[in-house]
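Data block below; observations after.
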Amino acid sequence: GTGAQTVYNATIKYLPILPGTFTVYNGTLTSTPQASDAFGRADANHLSGNWTKSTSFFDLQLASNHVESTSTSGASAAYYNGVTWSNFNDQSSTITIGAIGGSGFLASLARWQSASASGYQCRIGHPLGVSTPVSIVRTDFASDVLLASGTANASAGQTVECDALGSAITMQVNGSV
């Protein structure tokens, strides 16, 4: 990529996520991270530690220090349970793109509620390149509503950030606020 910042706004399946790439912030985007995971541990057929599989989704697994889906036919999701979230309204979640295959996508989630499979997804699709499909989706009880879509110049190693601040949901590809 060119390193240029691309931002998508809306009033808002995992495939490989590279090591050291999950961070959730609380409050303003300059606050201290509440959670982070480098995924630098032994391979496991489900994402363990402080991760719990999200309702209505397939599990995630660790392979060669990155996260990937356990399914080739459906969406996989997990949420971080290692902290008590002090502010559910303002959140930021950032992941680093590994690879996206076939018709898959990866998503950075905000305000995710596992029990109801509800929240916001900032999705980046396949294929990676100058016209990579991106979208912001609101999910309610595992049913998706598209809020915004477009394309971005994206490649492996770049970041996807989903910011939920007040009533604004913002997606960034390889950029920061």
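Side-chain N or O atoms of Thr132 include one that pairs as donor or acceptor with a backbone N or O of Gly129 at under 3.5 Å. Judged by distance alone, the side chain of Asp43 and the main-chain N or O of Ser64 form a donor-acceptor pair under 3.5 Å.
Between the CD atom of Gln172 and the SG atom of Cys122 there is a distance of 9.0 Å, given to the nearest 0.5 Å. Atom CG of Leu128 sits about 7.0 Å away from atom OG of Ser155, to the nearest 0.5 Å. Note that NE2 of His126 is 12.5 Å distant from CG of Leu106, once rounded to the nearest 0.5 Å. Atoms CG and NE2, from Leu62 and His46 in turn, are 9.5 Å apart once rounded to the nearest 0.5 Å. Atoms CZ and NE2, on Phe39 and His66 in that order, are 11.0 Å from each other to the nearest 0.5 Å. The distance from atom CG of Leu47 to atom NZ of Lys53, rounded to the nearest 0.5 Å, is 12.5 Å.
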* Asked: Does the pair Ser118 and Arg138 meet the rule for a side-chain contact (heavy atoms from CB on, under 4.5 Å), with working shown?
  -> CA-CA 8 Å; Ser118 300; Arg138 168 73 195 175; 4.3 Å; yes
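With Met171 as the partner, the side chain to side chain contact (heavy atoms under 4.5 Å, CB included) test is satisfied by one option alone out of Val137, Asp163, Val160: Val160. With Arg123 as reference, Ser135 is the one residue of Cys162, Ser135, Ser149 to meet the side chain to side chain contact (heavy atoms under 4.5 Å, CB included) rule.
Within the 4.5 Å cutoff, no side-chain heavy atoms of Thr159 are placed close to those of Ile95.
In this structure, a donor-acceptor pair under 3.5 Å is absent between the side chains of Asp59 and Thr70. In summary, the side chains of Thr139 and Gln121 do present a donor paired with an acceptor at a separation below 3.5 Å, with no hydrogens or angles considered.
Closest approach of Ser93 and Ser108 over heavy atoms only: O-OG, 2.5 Å. Scanning both residues, Gln91 and Leu165, for their nearest heavy atoms gives N-CD2, 4.4 Å. Across every non-hydrogen atom of Pro127 and Pro133, the tightest pair is O-CD, 4.0 Å. Closest approach of Ala44 to Gln61, counting heavy atoms only: O-CB, 3.2 Å.
Trp51 and Phe58 fall into different hydrophobic clusters, where Ile, Leu, Val, Met, Phe, Trp and Tyr are joined by side-chain heavy atoms under 4.5 Å apart, directly or via other members. Residues Val145 and Phe141 are members of separate hydrophobic clusters, defined by side-chain heavy-atom contacts under 4.5 angstrom among Ile, Leu, Val, Met, Phe, Trp and Tyr.
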